[in-house]
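To start, the structure under review is shown below, and the notes come after it.
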Amino acid sequence: MGNEQTFIVGRTEAELAQWLKAGFVAAFGEDCRAMIIRVTPATDPAFGDFQCNDAMPLAKTLRKPPRAIAEAAVKAQPLSDALSKVEVAGPGFINLTLNPAWLARQVAEQAALPHAGLPQPGTGKTVVLDYSSPNVAKPMHIGHIRSTIIGNAIDRMYRALGYRVIADNHLGDWGTQFGILINGYRAFVDQARLAESPVEELERIYVQSYAKTKEDPVWLDACRQELVKLQQGDPENLALWKRFIELSIEEFNRIYARLDVSFDLYRGESYYNDKLAGVVKQLETAGLAKESDGATVVFLEEEGLPVCIVRKKDGGFNYATSDLATVQSRVAEFNPDRIVYVTDERQQDHFKQFFTISCKLGNATHLEHVWFGLMRLPEGIFAARQGNVIKLEKLLDEAETRALAIIQASSPEMPEAQQRELAQAIGIGAVKYADLSHDPRTMIVFTWDRALALDGNSGPYLQYAHARICSLLDKHAAQFPGEDCNTADLLLADPGERQLALQLLQFPVAVVRAAESYKPSILAEYLFALSQDYSSFYQRLSVLKAETKEQRLSRARLCALVAGVLREGLGLLGIRTPRRI
RNA sequence: GCGCCUGUAGCUCAAUUGGAUAGAGCAUCAGACUACGAAUCUGAGGGUUGCAGGUUCGAUUCCUGCCAGGCGCGCCA
């Protein structure tokens, strides 16, 4: 799971590798036809543009010094017209330097493709993506942000790669907590507060009612009664339950709108209720489930996993049963190639358990658990009872406030409505980027300054680079009307121009790698590197005042291509790219 | 106790899945704006990659053993 050993390379690397392999075959015979020759970007520009390290491992099988192998392969055929130089260095590295005209053609060809050159490996394939999944009647806090933002980035990347994606928000809308909530609601609801802030009020009710179950057995029993009534379809309880869900979704949607997140489906756990008994029956028939201490369980000792309970002593079903039913339903309805779950790290065992059981029941669809590290505060983990929960809405408000202050200082002449809109794009962009730029598996310690960083390696840095290009291109169009840089020849004489061209070629690779490994951070890191290269280029080389017209048009086109990749790439991360910031 | 994960610059993180001199941002210090937008750029200092072994041309990466931390482990989801 998650450890695909596939090597992802771009068109350019593949073409260079093919040429090199012909050299190996020419030098060492047809046996080399089956071997893997990989070309990767050079680790240091001093070495060239690309490199191949595969001569060294061949020393053993070919029984020759690795450096001699590399040299023989390189000399076995005339130099490719893609290259201006090939060198063997160190123990046997093969360093490749591209012919600038050929590099320019590669860049132009890629730019002509849709989505800035993304391949379409997902054509004809379906992915069900299960993410965000907050619980009904509980406000979203910053613990929910990772699943939502990471999940949404994965969603966007897979769509861009041609997959049909079914984004499903698997709401926590069923379970014992509804007995506690319904009973509490009747006793404690404050209608004014409910109207003011529904989900907050529901949470308050839940907390109060839950506390009472701990000290008052009669109350606890009453809560159980309400749950049973709900499960049996009591109209009043059913209506209350539905109301709780409506109020919650309304509030969630307000936050999703601010985050530019949307789903194809909102199927909560309750959607699969009537299938749960059938799942247990299947497990029993298949000989997988057994009775134990009054419950029905599946033992997974051979897999080294804990026992999985599929039916409780009281006859109720739980998480694993519900997830098994969900898989069956999704497979039947969508026939997906993969189902991907984005949740926090604590659920790893649970997913291993139900993936294993699902497999034993005959499910052949690939199931993937994408987990991320918990978000923590410097003083420790979040806990509602410690009162240290930071609501997601408050985080977003704070982000926009901070961004607005900077905009007001730097662009006081801008109309206020526009300032606010920008503050939204920048503030939310900063929050998203702060999360997406880290490997999902790392545990994040939340601090305001880190989450809302506006300089250095941050969302606004990338947005700034993009906006500056837009401004530059506007000026170019105004100063040189009728001159279209988009068809200009790319002249890549300067190392700064060359570096940008090489970096542009890496965009499709970055997206595919990010998607396949479920790590948007790979794309974020790429975009940051591209922006850094651009800023450096921009500082040193003039576009509008270039020495020749050809050079000016070439550089303007390079800028336009960078802007295009930034727009596309940030779009895949769900980060907006205003023309002016 | 068992299982999963993590340990890299003062701080937050990378390192193209075993490659060349381990790179960025923040912070610190020194520079660059009568501007193709300074939310930027140039440079400097800062490292025994938790510790000890092993595998090989080559290890932050793979293996073993320790140390430290996080998470999980039978009726919550």
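In what follows, chains are A, B, ... by sequence order, proteins preceding strands, each numbered from 1.
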Counterpart residues, salt bridge (charged side-chain N to carboxylate O under 4.0 Å, His left out), relative to A:E421 (two or more places apart): none

Results of side-chain hydrogen bond (donor to acceptor under 3.5 Å, both in side chains) for A:E483 - residues two or more places apart only: A:R552

Look for any protein N or O under 3.5 Å of an N or O in nucleotides 20-23 of chain B and output each such pair with its distance, or none.
residue, atom, partner, partner atom, Å
B:A20, N7, A:T43, OG1, 3.3
B:A20, N6, A:Q51, OE1, 3.2
B:A20, N6, A:N95, OD1, 2.5
B:A20, N1, A:N95, ND2, 3.1

Pairs involving residues 303-317 of chain A, ordered by first then second residue, that meet side-chain hydrogen bond (donor to acceptor under 3.5 Å, both in side chains) (sequence neighbours left out): A:E284-A:R311, A:T296-A:R311, A:E303-A:K360

Atom pairs under 3.5 Å: protein N/O with N/O of nucleotides 42-45 of chain B:
residue, atom, partner, partner atom, Å
B:U42, OP1, A:S536, OG, 3.2

side-chain hydrogen bond (donor to acceptor under 3.5 Å, both in side chains) pairs, two or more places apart, involving residues 540-549 of chain A: A:D494-A:R540

For A:D168, all residues meeting side-chain hydrogen bond (donor to acceptor under 3.5 Å, both in side chains), sequence neighbours excluded: A:R330

Pairs flagged by salt bridge (Lys or Arg N to Asp or Glu O under 4.0 Å) wherever residues 60-72 of chain A is involved - sequence neighbours left out: A:R67-A:E71

Structure string for RNA chain B in dot-bracket form, Watson-Crick and G-U at under 3.5 Å, | interchain: (((((((..((((.....[...)))).(((((.......))))).....(((((..]....))))))))))))....

Pairs involving residues 296-325 of chain A, ordered by first then second residue, that meet ring-ring contact (aromatic ring centres under 6.0 Å, His included) (sequence neighbours left out): A:Y319-A:H350

Where do N or O atoms of nucleotides 2-7 of chain B meet protein N or O atoms at under 3.5 Å, pair by pair?
residue, atom, partner, partner atom, Å
B:C4, O2', A:Q348, OE1, 2.9

side-chain hydrogen bond (donor to acceptor under 3.5 Å, both in side chains) partners for A:R11, two or more places apart: A:E109

